[in-house]
Protein chains: 2
Amino acid sequence: MEHRIEKIKKQLHSQSYKLTPQREATVRVLLEHEEDHLSAEDVYLLVKEKAPEIGLATVYRTLELLSELKVVDKINFGDGVSRYDLRKEGAEHFHHHLVCVECGSVEEIEEDLLTDVESQVERDWGFQVKDHRLTFHGICKKCQVVTVNS
Amino acid sequence: MEHRIEKIKKQLHSQSYKLTPQREATVRVLLEHEEDHLSAEDVYLLVKEKAPEIGLATVYRTLELLSELKVVDKINFGDGVSRYDLRKEGAEHFHHHLVCVECGSVEEIEEDLLTDVESQVERDWGFQVKDHRLTFHGICKKCQVVTVNS
DNA sequence: TGTCAAATTAAAATCATTTTAAATTAAAAC
DNA sequence: GTTTTAATTTAAAATGATTTTAATTTGACA
């Protein structure tokens, strides 16, 4: 954990940004909830527990900044709020998501999966791929069971 | 064009919705701008040209309805507005997008590309895929040339 | 220590979208 | 064909997420 914070601190410094206490508290919340897909409001409420004086606007600005630095990825599952997802250590590409239309759960896929598709796009469309967003909508394992039983 | 409107009319009727003049005007705008990725506001302004009395809320409701009927797909490129994209005739799956980070252009990919990946997800994650959203971010053909020349 | 730029706060503003209540429409029932 | 009824639309207000503003604070550095 500490070493990841150090790393982010260096990334900030390299662009002459500082790791202020508010930013650090925000990053810590993100690290502690790496599996979740928190909205800015979610992050704000959690940060408030350790740093009650923080303002919502600061959280927004911090998340925006981390997003520019590619520390987090801003994603949108179509429910009207942006969610902020910490990029995994050493991850080259953004990970994928499985969104269950029954229960709303969100599962992550670390595996790349798109290597072949990306080559194909570069080859056939002449488009130089830098990043991707892939989300599957469907029924998760748990809900499939429920549906069978009910 | 007329035949596609007829088809949508039938789809509406099958769920006991009507194709009101406002809805028809909205659908016509979507058909006439099939290549674009219009926001609700964009659609509203265009519909207003042929039906000046229409209200923005009606456009929103119509787009929402068409979205439920899978006539259009609601997409989000992360710029804070939803965009509405007419599903191609006979298209089984949602098409993909290539968003250029240089010029902001959006290209569409009709080809499925994800057949293999979807089988893999169903097999390895036990997730029953219903739909997908795939967007590549990168540099389009045109901007690659510009970059080389400048 | 004083200065300056960056960062934060709290409040207000903005922007997309949704909801409300009243008015309109149009199909179905009589 | 008029009445009833439910669906739809309108315009305005409300909501909710996000951004901006202006004033204040912080902290590095001259």
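The sequence lines fix the lettering, A, B, ..., with proteins before strands; numbering per chain opens at 1.
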Inset, instruction - Would you mind checking if B/Glu118 and B/Lys130 are paired as a salt bridge, meaning a charged N to carboxylate O distance below 4.0 Å? - result: no
Inset, instruction - Could you please spell out the steps behind the salt bridge (charged side-chain N to carboxylate O under 4.0 Å, His left out) verdict for A/Lys141 and A/Glu107? - result: CA-CA 11 Å; A/Lys141 214 181 255 179; A/Glu107 202 179 337; over 6 Å; no
Legend entry - Atom-pair distance (CG on A/Leu65; C1' on C/dA7), nearest Å: 11 Å
Legend entry - B/Gln22 CD - C/dT25 C1' separation (whole Å): 9 Å
Legend entry - Interatomic distance, A/Leu45 CG vs D/dA17 P [rounded to whole Å]: 11 Å
Legend entry - Whether A/His96 and A/His132 hold their rings parallel, tilted or perpendicular, with breakpoints at 30° and 60°: tilted
Inset, instruction - Under 4.0 Å between any heavy atoms, over every strand shown, what does A/Ser39 touch: base, sugar-phosphate, or nothing? Just pick one. - result: nothing
Inset, instruction - Have a look at B/Leu56 and say if it touches a base, only the backbone sugar-phosphate, or nothing, with a 4.0 Å heavy-atom cut-off. - result: base
Inset, instruction - To the nearest Å, give me how far apart NZ (B/Lys9) and P (C/dA26) are. - result: 12 Å
Inset, instruction - Please report, rounded to the nearest Å, how far the P atom of C/dT8 is from the NZ atom of A/Lys18. - result: 9 Å
Inset, instruction - Go through C/dA7, D/dT8, D/dA11 for me and flag the one nearest to the B/Tyr17 side chain. - result: D/dT8
Inset, instruction - Between C/dA10, D/dT9, D/dT18, spot the one nearest the side chain of A/Ser82, thanks. - result: D/dT18
Legend entry - Closest to the B/Val81 side chain, choosing from D/dT20, C/dA16, D/dT18: C/dA16
Legend entry - Closest to the B/Arg23 side chain, choosing from D/dT9, C/dA7, C/dT19: D/dT9
Inset, instruction - Return the 5'-most residue of the pair B/Tyr84, A/Gly55 with respect to DNA chain C, ranking by each residue's nearest nucleotide. - result: A/Gly55
Inset, instruction - Please check the phosphate of C/dT8 (OP1 and OP2 only) for any side-chain N or O of A/Thr20 closer than 4.0 Å. - result: yes
Inset, instruction - Among C/dT8, C/dT19, C/dA6, find the nucleotide with the atom closest to the side chain of B/Ala57. - result: C/dT19
Inset, instruction - Determine the contact category for B/Thr58: base if any of its heavy atoms lies under 4.0 Å from a base atom, sugar-phosphate if only primed atoms, P, OP1 or OP2 are that close, otherwise nothing. - result: base
Legend entry - OP1 or OP2 of D/dT19 under 4.0 Å from side-chain N/O of A/Tyr60: no
Legend entry - Nucleotide D/dA17, atom C1' - distance to CG of B/Asp79 in whole Å: 14 Å
Legend entry - Step-by-step salt bridge (charged side-chain N to carboxylate O under 4.0 Å, His left out) determination, B/Glu24 to B/Lys9: CA-CA 9 Å; B/Glu24 182 172 339; B/Lys9 189 172 180 176; over 6 Å; no
Legend entry - Exam field: side chain B/Gln144 to backbone A/Gly126, donor-acceptor pair closer than 3.5 Å: yes
Legend entry - Interatomic distance where CD belongs to B/Glu53 and C1' belongs to D/dT9 [whole Å]: 10 Å
